[in-house]
Amino acid sequence: MRFGAATRICLGYALLGGLWVLGSDIVLQALAPSLGHGPSAWMAPVKGIGFVLVTAFLLHRVLARVFAVDARKARDLAISEARYSALSEMAPVGIFHVDADGNITYRNPRLREITGMPEELEPGGSWEWWLIHPDDHKRAQSRWLAATQAGQRYAEEFRIRRPDGRIVWVLCEAVPVTAREGERLGYIGVAVDLTAQHVAAEAVEQEKERYELATAGSAVGIWDWHLGDGSLHLSAQALTLLRLPAGACGARRILGMIPRTERARVFSHVRTHLRLRQPFDLELPMVCADGQTRWFHGRGQGVWPQGVGDAKPSRLLGSLMDITVRKETDAQLARARHDAEMASRSKTAFLASMSHELRTPLNAIIGFSELITEQTYGPVGDPRYAEYAEDIRVSGLHLLELVNNILDVARMEAGRFELEDKVVDIAAEIAVAVRQIQAGNLKRQLDITVSPGATGLHAMLDPTALRQVLLNLLGNAVKFTPDGGQVTVTGEIRQDGVALSVADTGPGISRYVLDHLGTQPFLQAEPSLRRRHGGSGLGLFIVRRLMDLHGGTLSVECPPGGGTRVTVVFPPDRQVPPGPALAMPS
């Protein structure tokens with residue numbers, strides 16, 4: 001049994017007093033014979049004073065030691081409280097004390113920051129309970145009551161609604177505090193703000209959901225291969241693409257889906273990119289779990305340990321996309337392209353082989369019709385035969401022109417049309433073309449003029465191609481210009497090259513035809529059902545192709561006042577001389 005300090009002092013005082021009384025009486029009785037007489041009256045006061053002095057001295061020593069111990073304990077307690085107060089004030093978590101009655105007696109500043117309550121709030125009460133979110137209030141309070149009644153540790157995560165309306169996630173933990181005698185003094189606890197973690201977790205979850213939705217909508221699967229333990233993770237979409245059931249799937253099975261004939265190429269491609277530490281990207285066939293072979297576009301990259309220079313990658317991760325439909329479409333397009341090329345070659349070969357077959361009878365028709373028309377071997381008799389012969393000759397010439405145009409287009413498309421460049425006098429070529437057009441339109445009342453600017457122009461061109469360009473441009477202008485109209489040919493040196501223009505006073509061209517004229521063969525300036533002029537629609541198409549071969553351009557304009565203006569421009573490097581610093585060779 002242990003006694004307190006006061007009890008020990010009292011017992012010691014009584015023991016010392018008893019020993020003093022007994023000891024002093026024994027000493028005085030022993031000294032009495034030597035003194036020769038009995039104890040005198042002064043002996044009793046001396047004994048009492050001595051007792052008081054001795055006991056006071058001893059009591060002083062005892063009390064001084066006891067008070068020193070208490071002072072040291074009080075000082076240690078004050079230091080401990082100061083340290084605890086400082087730590088509590090600076091703690092990054094909220095700290096609170098709850099007494100045995102359930103009232104909160106202390107809140108550190110961090111708890112006030114988390115809850116949003118004012119600093120001047122007096123201790124006491126349990127105002128925190130009504131801050132708990134209504135959806136979490138019943139659960140949090142019932143578990144608190146259960147824990148405090150059983151004297152157990154309390155730990156719960158819930159939301160609180162601050163006075164400013166902001167929602168804060170809090171992890172609250174508290175442990176019971178008991179005295180030495182076992183008396184329960186209350187609880188001490190902490191509150192940790194978990195809002196940032198919840199927001200981050202929610203953002204990650206939303207991002208994961210978005211990513212899964214995006215990959216599911218785009219038919220892209222994700223794979224993650226840990227090379228250390230060989231484990232392979234496939235997303236739900238990847239399992240769907242490979243026709244695999246849900247659950248874990250080993251890397252060996254997935255690699256086994258690659259046909260043996262493709263494995264060397266695939267593995268070599270991946271190894272090369274991993275050696276260079278670059279992402280890899282390839283297309284490969286795979287035999288899926290349902291036995292069907294499908295094409296996939298695989299992308300991936302390695303993950304290397306940090307701080308290790310020559311280490312192998314620890315993981316490979318990437319994506320897998322089904323491209324079977326695209327591969328089938330590409331194959332169909334390739335077959336269609338091959339068939340179209342073969343058809344085009346057959347067409348070109350047919351036209352080339354038929355050239356002599358078409359030209360030979362046409363030449364005969366034209367030649368004999370000329371003999372009949374000119375009555376070379378005497379008069380025909382009836383003048384109508386001469387008229388018919390003239391019709392035969394004109395039709396034959398028209399048909400020959402059409403055949404020649406078609407053959408020229410075929411040669412250009414086949415890449416067999418080659419230029420033979422020479423120094424050409426452009427003004428002379430224009431004069432020749434004008435004479436030919438006028439000779440074929442003697443009955444037309446048209447004014448064809450050539451501007452003086454064309455005189456003196458020389459260029460390095462193919463003479464035959466230039467003559468064909470001029471004849472087509474002049475022929476179209478004359479064809480669409482009514483009697484009494486005018487056709488003007490101009491030539492000039494511009495900054496972009498040597499320009500030749502043919503303008504007429506005809507009705508012009510519609511906007512649709514104007515936008516596509518010269519870009520499509522057989523395109524007519526007039527609707528096919530209301531055509532008043534003949535022609536194959538190949539003239540400007542051939543002109544544009546010839547200008548492309550020369551590196552030049554073709555443009556068609558319809559001024560607001562009516563008419564059409566067609567301009568061809570040969571590049572500056574074809575001008576002779578090419579610049580003012582060079583003289584014309586003699």
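The figures here come from the full heavy-atom set of this structure, side chains too, leaving out hydrogens, waters and symmetry mates.
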| Is C288 close to F296 at the side-chain level, that is, under 4.5 Å between some pair of heavy atoms? | yes

| said: Minimum heavy-atom separation for G151 and P176, please, with both atom names. | reply: O-CG, 3.5 Å

| Side-chain donor or acceptor of R107 paired with backbone N/O of T105 under 3.5 Å | no

| said: Any heavy-atom pair between the side chains of P163 and L131 that's under 4.5 Å? | reply: yes

| Reported CD-to-CG distance for the pair E420 and L461, which is rounded to 0.5 angstrom | 13.5 Å

| If you take all heavy atoms of W223 and R299, which pair is closest and at what distance? | CZ2-O, 3.6 Å

| query | So, are D548 and R544 salt-bridged, with charged N and O less than 4.0 Å apart? | reply | no

| field | Any H550 side-chain heavy atom under 4.5 Å of D462 side chain | value | yes

| query | Below 4.5 Å, heavy atoms only, C-beta onward: do S501 and E492 meet side chain to side chain? | reply | no

| query | Donor-acceptor pair, R184 side chain versus T148 backbone, under 3.5 Å? | reply | yes

| task | Go through the steps for E283 and K327 under the test side chain to side chain contact (heavy atoms under 4.5 Å, CB included), then give the verdict. | result | CA-CA 10 Å; E283 296 180 354; K327 279 288 186 178; 3.0 Å; yes

| message | Please check this pair: side chain of T324 against backbone of W295, looking for a donor-acceptor N/O pair closer than 3.5 Å. | response | yes

| query | Out of L500, V568, L546, which one pairs with L466 under the side-chain contact (heavy atoms from CB on, under 4.5 Å) rule? | reply | L500

| query | For R315, does its backbone N or O pair with a side-chain atom of D224 as donor and acceptor, under 3.5 Å? | reply | no

| message | Can you tell whether the side chains of R139 and D136 come within less than 4.0 Å, N to carboxylate O? | response | yes

| task | Would you check if the side chain of R294 reaches a backbone N or O of M286 as a donor-acceptor pair within less than 3.5 Å? | result | no

| field | Gap separating the CG atom of L320 from the CG atom of L284, nearest 0.5 angstrom | value | 7.0 Å

| said: Using modelled atom types and a 3.5 Å cut-off, is there a donor and acceptor pairing between side-chain atoms of S319 and backbone atoms of I222? | reply: no

| query | Has the side chain of R162 got a donor or acceptor atom that lies under 3.5 Å from a matching backbone atom of E113? | reply | yes

| said: Go through it in stages, so that I can follow the logic: the residues are M321 and R326, the test is side chain to side chain contact (heavy atoms under 4.5 Å, CB included), and I'd like the CA-CA distance, side-chain angles, deciding distance and then a yes or no. | reply: CA-CA 11 Å; M321 182 172 64; R326 196 203 76 190; over 6 Å; no

| message | For L244 and R253: C-alpha separation, side-chain torsions, deciding distance, then whether side chain to side chain contact (heavy atoms under 4.5 Å, CB included) applies. | response | CA-CA 11 Å; L244 290 169; R253 181 178 182 184; 3.5 Å; yes

| remark: On a heavy-atom basis, the closest approach of V424 and P463 is CG2-CG, 3.8 Å

| said: Rounded to the nearest 0.5 Å, what separates atom NE2 in H133 from atom CD1 in I160? | reply: 11.5 Å

| request: State whether a side-chain donor-acceptor pair under 3.5 Å links D281 with H297. | output: yes

| Would you find a donor on one side and an acceptor on the other, under 3.5 Å apart, between the side chain of R263 and the backbone of G256? | yes

| said: Is the ring pair W144/Y154 parallel, tilted or perpendicular, if the boundaries are 30 and 60 degrees? | reply: perpendicular

| request: Indicate yes or no for a side-chain donor-acceptor contact from D99 to the backbone of D101 under 3.5 Å, with no hydrogens or angles considered. | output: yes

| note | Closest heavy-atom pair, Q301 versus F280, reported as atoms and distance to 0.1 Å, is N-CE2, 3.8 Å

| Heavy-atom check, side chain of V543 versus side chain of V566, under 4.5 Å | no

| message | Please report the interatomic distance NE2(H137) to CZ(F158), rounded to the nearest 0.5 Å. | response | 9.5 Å

| query | Can you check side chain to side chain contact (heavy atoms under 4.5 Å, CB included) on L111 and I95, steps first, answer last? | reply | CA-CA 6 Å; L111 182 62; I95 300 177; over 6 Å; no

| task | Could you tell me the separation between the CD atom of Q197 and the CG atom of D193, rounded to the nearest 0.5 Å? | result | 7.5 Å

| request: Over all heavy atoms of both residues, which pair between R243 and A289 is shortest? Give the atoms and the distance, please. | output: O-CB, 3.0 Å

| Any side-chain heavy atom of L242 within less than 4.5 Å of one from M257? | yes

| Do L227 and K312 have side chains that get closer than 4.5 Å, going by heavy atoms? | no

| Separation between CH2 of W225 and CD1 of I254, rounded to the nearest 0.5 Å | 10.5 Å

| S314 (side chain) donor-acceptor with V303 (main chain) under 3.5 angstrom | yes

| task | Work out which heavy atom in F96 is nearest to a heavy atom in A174; give both atom names and the distance. | result | CZ-CB, 4.3 Å

| Taking the side chain as C-beta and beyond, is there a heavy-atom pair between V498 and R574 under 4.5 Å? | no

